[in-house]
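For reference, the structure is listed below as structure tokens.
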Amino acid sequence: MTTRQPGELLYLDYAATTPVDREVAAAMAALLTESGDFANPSSGHVLGRRAARHIETAAVRLGALLGAAPERLVWTSGATESDNLAIIGAARARAHRGRHLVTMPTEHKAVTDAFGYLEKAGFEVTWLEPDRRGLLEIETLAAALREDTQLVSVMHVNNETGVIQDIAAIGGLCRERDVLYHVDAAQSVGKLPIDLSLLPVDLMSVTAHKFYGPKGVGALYVADRPGCNVEPLFYGGGQQRGLRPGTLPVHLIAGIGKAAEIAASRRASDLRGVAVLRDRLWAGIRDVEGLRVNGDLDGGYPGILNVSVGDIEGESLLLALEPLCVATGSACNSKTQEPSYVLRALGCSDAEAQSAIRFSIGRATTADDVDFAASRYREAVARLRALAPARTAA
Amino acid sequence: MTANPYSTEVRALFANPSHSGELDAGVAVSLEEQGMRLQLSAWARGGRIDALRFRAWGCPHFIAAAECLCARYEGRAAVDLESVSATEFMQSLGIPVEKTGRILVIEDVARALGHKLREASNSET
């Protein structure tokens, strides 16, 4: 049992971002200054070629993690850009064949807002509702696909609930219907096994900072297959075959490469570790009266546990939980009290969505940490319930 | 989300709401509005508030302002409750302007309680 200092912060928000692995940070730092390979990797001189080798190494490492050929990776600034490039770029590239697109309202904002933009631009988008766990039923997708459907985008692991979509089945159906399939894999790369040499996925978005790499860098996988094309969103110096021009940030790309290498070596043990801790956390809170699990406790990614109690105000719960650093299911510090659209899509009431707390566990989390978190959660719920008046009759 | 949405005062009042609870046989007023719920109860004698307690369901600013109200008005003349203003809590606790509607709920309940205490006092005399 470790002793916690009063007010000592406890980070349980690894689904939002992870700290940079020390080895990754060291690898990046070595490339930043004049003593390192800082040059522009597009330059033809010796230093430029040295910098370019770091890019190539990173592509090999990330490709190995994904089961993808290194040359199929396009470096971006992160998953948001990758999602936009994939969705808008593919829709534009295939607009001459049809303008129907399919996604879900439970996708990340980077996806839903990209589709929203395309709707305004004249594309037709079908928004598929999930079941109560947040999963897409394959029959629902099959019924939505049409002759003019060009793109389906359904994420791998949901960032709020941790539910895992069956991307093999979804991609398989898309292949049968000659529809491109994009996967936002921001929450699964480096955490779950992914083999793009086997999966029927055409486009996959990746970001480094969810698997102990730096913020500001990601990648888009583009399958080498007829009809799998995306139009660029930016124009410039022609780097990356013109698909995403701009001087490549060597240190960031080396960072994602190193993070990918580390993830590949410890992914299985990381997954076992977070599963044990998630089960321990769940055991510590499961008998809280009125507790609801948002997601799929049995089949979801075990690094995320999202729970809510409908009679507790979310913002107060978040403050009462300090020093825990966790995510809430509402944006109630903003001017409008907006419950999570993902949780509402799963059938949560506004009150349940607003009281939702997402615990997300990472490499540095310990058994003592989750015991403390469970204890803190129980105390906070009890304290806020004791404060609340009875409801008045409507 | 601002860097620190809660003032030191709000944090302290939220963490230690020593006036939370309900007074048996006290004069009480409840209101549910703006997504917030508040109940105030008071014991008063001779026009003075002997004890003032609250129960609240709402955001930290709302709970802190309810605690602040009780701490400030306990021991004062009951009639003072009828002129409670949300502004005094907004300013002293550093509550952001977008929470004004919620703090007005506290103003409404406090004034209603003051009115009810006056009526109760009148009926005794």
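The sequence lines fix the lettering, A, B, ..., with proteins before strands; numbering per chain opens at 1.
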Study note, to complete from the structure: Residues Pro389(A) and Arg37(B): closest non-hydrogen pair is O-NH2, 3.0 Å
**Study point:** Which atom of Ser316(A) lies closest to which atom of Cys59(B), heavy atoms considered
**Key:** OG-C, 3.2 Å
Check your understanding: Where on Ile312(A) is there a heavy atom nearer than 4.5 Å to chain B: the side chain, the backbone, both, or neither?
Key -> backbone
Practice item. Would you mind checking which part of Ala386(A) comes under 4.5 Å of any heavy atom in chain B, side chain (CB onward), backbone (N, CA, C, O), both or neither? Key: backbone
Check your understanding: Quick one: does Pro17(B)'s side chain get under 4.5 Å of Arg383(A)'s, heavy atoms only?
Key -> yes
Exercise for review: Output, in order, the C-alpha distance, side-chain angles, deciding distance and verdict of side chain to side chain contact (heavy atoms under 4.5 Å, CB included) for Leu384(A) and Trp57(B).
Suggested key: CA-CA 8 Å; Leu384(A) 292 172; Trp57(B) 189 99; over 6 Å; no
Review point. Roughly how far apart are Glu322(A) CD and Tyr6(B) OH, rounded to 0.5 Å?
Key: 8.0 Å
Review point. For Ala66(B), is it the side chain, the backbone, both, or neither that has a heavy atom closer than 4.5 Å to a heavy atom of chain A?
Key: neither
Point to revise | Contacting moiety of Phe62(B), where chain A heavy atoms sit under 4.5 Å | key: neither
**Study point:** chain A contacts, top residue of Gly58(B), Pro96(B), Gly21(B) (heavy-atom pairs, under 4.5 Å)
**Key:** Gly58(B)
Exercise for review: Mark yes when over 12 heavy atoms from residues, nucleotides or ligands other than Glu8(A) sit less than 6.0 Å from its CD; otherwise mark no.
Suggested key: yes
